[in-house]
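Numbered from 1 within each chain, the chains take letters A, B, ... in sequence-line order. Heavy-atom basis, side chains included; hydrogens, waters and symmetry copies ignored.
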Protein chains: 2
Amino acid sequence: MNLPPLCEAFVLHFGEMGSRWGINRTVGQIYAVLFIAEHPLCADDIVERLGVSRSNVSMGLKELQSWNLVRHRQVQGDRREFFSTPDDIYAIVRTLVEERKKREIDPTLSMLRELLMQAPGTPEERHAQARLRDMHELIELLTNWYADVQKLETERLIQLLSLGSKVVKALELKDRLFAVPGGKTRATGQNN
Amino acid sequence: MNLPPLCEAFVLHFGEMGSRWGINRTVGQIYAVLFIAEHPLCADDIVERLGVSRSNVSMGLKELQSWNLVRHRQVQGDRREFFSTPDDIYAIVRTLVEERKKREIDPTLSMLRELLMQAPGTPEERHAQARLRDMHELIELLTNWYADVQKLETERLIQLLSLGSKVVKALELKDRLFAVPGGKTRATGQNN
DNA sequence: CTGTAAATTCAGAAAATTCTGAAATTTGAG
DNA sequence: CTCAAATTTCAGAATTTTCTGAATTTACAG
């Protein structure tokens, strides 16, 4: 690996983590190299830095592009393609979540819905469906939360996340202020 | 695989998803079988249902136990061990997040902090550090949010998630109500 | 203690994934 | 069109991961 020590340490760790998340180590390393690069890199730059074969880099980049995680650009008067990652790390995370949702969460929700439609033939299946219903409900809660929160501009999103659970107190306060005598107001999805 | 069709479909899908998340397919299937089971199962029950070797099940259960994802129990007058998953799916997700954080996020944060302490030797390293700083900041934001929100009781957590981005509006309202003439109040971590 | 059922370990087999080099294809300048 | 640089493809090699059966260990009833 032909990188300054600091970069190498990051690239190695990132590759390792990638492989724990179902991403091939080399693909993770390619991403890491692009992420910390000062300028867009061409495939041969990556070959040089990681010391893997050209074809491996080609396949890795193809994979990363299919995830929308890297962009390629033509440089005027140069036939090569140059690759880079977005500067905005929030944009990167949004893409990552979006793609994983599309590939993993959505098919899982379909599967769960389909199995929940079936008439259970045995008590065993009936019980399994009850568990699947719990799982479906939880995944829906989380994906709906994400779908909603994902619409916020980054600055707002940061504000919201920074608050953490403090919003609960803020909402309690708000509820108290707007409490209608004779009618309970609760912090639910029905609220404004 | 010796399971009713509905259960088999779920177990297969779950194993498949597991393998996309860095979990061995069979371990995912073992978990799925336990998750939908009506009663705790012993290792041989799992062997029978999945049609894999006894030793494979033994290793898979060990793995799941190291993740705190299954519990085992002795049945009076029976030498075998019986395994199950918690009934509360929220508890399951909390464990899952906790364990992944411990194994993946925490080491990544350490790595980032360590590399950010180093004096950059080249402009290339200096730029890499800037990127690492962004990544560190984002991961801290997310983990702090989780650390905070994770303390809430499940019911409160559900309320919070159900609200989604609506809290932002609620907070704007609150801010407006408490706006001190002559001083701007913003919805940041400094609040409340 | 003895015998037996259950659980674990682990070396090697089997399977799956990743990687490479050679060949084929694409691209664009001249 | 021609040529050469860049890129992609893909069959098989290399590597890694997963799985199994046999041997070992553990646990406990009698």
Would you kindly give the [atom1]-to-[atom2] distance between [X] and [N], to the nearest whole Å?
| X | N | atom1 | atom2 | answer |
| --- | --- | --- | --- | --- |
| A:Gln65 | D:dT7 | CD | P | 11 Å |
| B:Asp78 | C:dA7 | CG | C1' | 13 Å |
| B:Leu64 | C:dT8 | CG | P | 13 Å |
| B:Asp44 | C:dA5 | CG | P | 12 Å |
| A:Leu50 | C:dC19 | CG | P | 10 Å |
| B:Phe83 | C:dT8 | CZ | C1' | 11 Å |
| B:Ile46 | C:dA6 | CD1 | C1' | 14 Å |

Between B:Lys62 and C:dT9, is there a side-chain N or O to OP1/OP2 distance below 4.0 Å?
yes
B:Ser58 side chain N/O closer than 4.0 Å to the phosphate oxygens (OP1, OP2) of C:dA7?
no
Once side chain to side chain contact (heavy atoms under 4.5 Å, CB included) is applied, do any residues pair with B:Thr108, and if so which ones, sequence neighbours excluded?
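If we apply the side chain to side chain contact (heavy atoms under 4.5 Å, CB included) test to B:Thr108, skipping adjacent residues, the hits are A:His13, A:Met17, B:Met111, B:Leu112, B:Ile139.
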A:Glu16 bridged to A:Arg25 by N-O distance under 4.0 Å
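Salt bridge between A:Glu16 and A:Arg25, a charged N being under 4.0 Å from a carboxylate O: yes.
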Any salt bridge between B:Lys101 and B:Glu98, counting N to O under 4.0 Å?
no
Does anything in residues 141-152 of chain A form a side-chain hydrogen bond (donor to acceptor under 3.5 Å, both in side chains)? List the pairs, not counting sequence neighbours.
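Output for this query lists A:Asp148-B:Ser165.
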Which pairs pass side-chain hydrogen bond (donor to acceptor under 3.5 Å, both in side chains) with one or both residues in residues 113-123 of chain B, sequence neighbours excluded?
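Every pair satisfying side-chain hydrogen bond (donor to acceptor under 3.5 Å, both in side chains) with a residue in residues 113-123 of chain B: B:Arg113-B:His136, B:Arg113-B:Glu140.
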Residues passing the side-chain hydrogen bond (donor to acceptor under 3.5 Å, both in side chains) test with B:Arg94, sequence neighbours excluded, are B:Thr154
When you measure from every atom of DNA chain D, which of residues 15-37 of chain A have a heavy atom less than 4.0 Å away?
A:Arg25
Expected string for nucleotides 20-30 of chain D under the B/S/- scheme (protein heavy atoms, under 4.0 Å, primed atoms plus P, OP1, OP2 as sugar-phosphate) is BB-----BB--
Heavy-atom check, side chain of A:Pro5 versus side chain of B:Glu125, under 4.5 Å:
yes
Side chains of A:Met135 and B:Ile89 in contact at under 4.5 Å (non-hydrogen atoms):
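Counting from C-beta outward, A:Met135 and B:Ile89 do come under 4.5 Å.
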Between B:Lys102 and B:Pro107 the two heavy atoms that sit nearest each other are O-CD, 3.3 Å
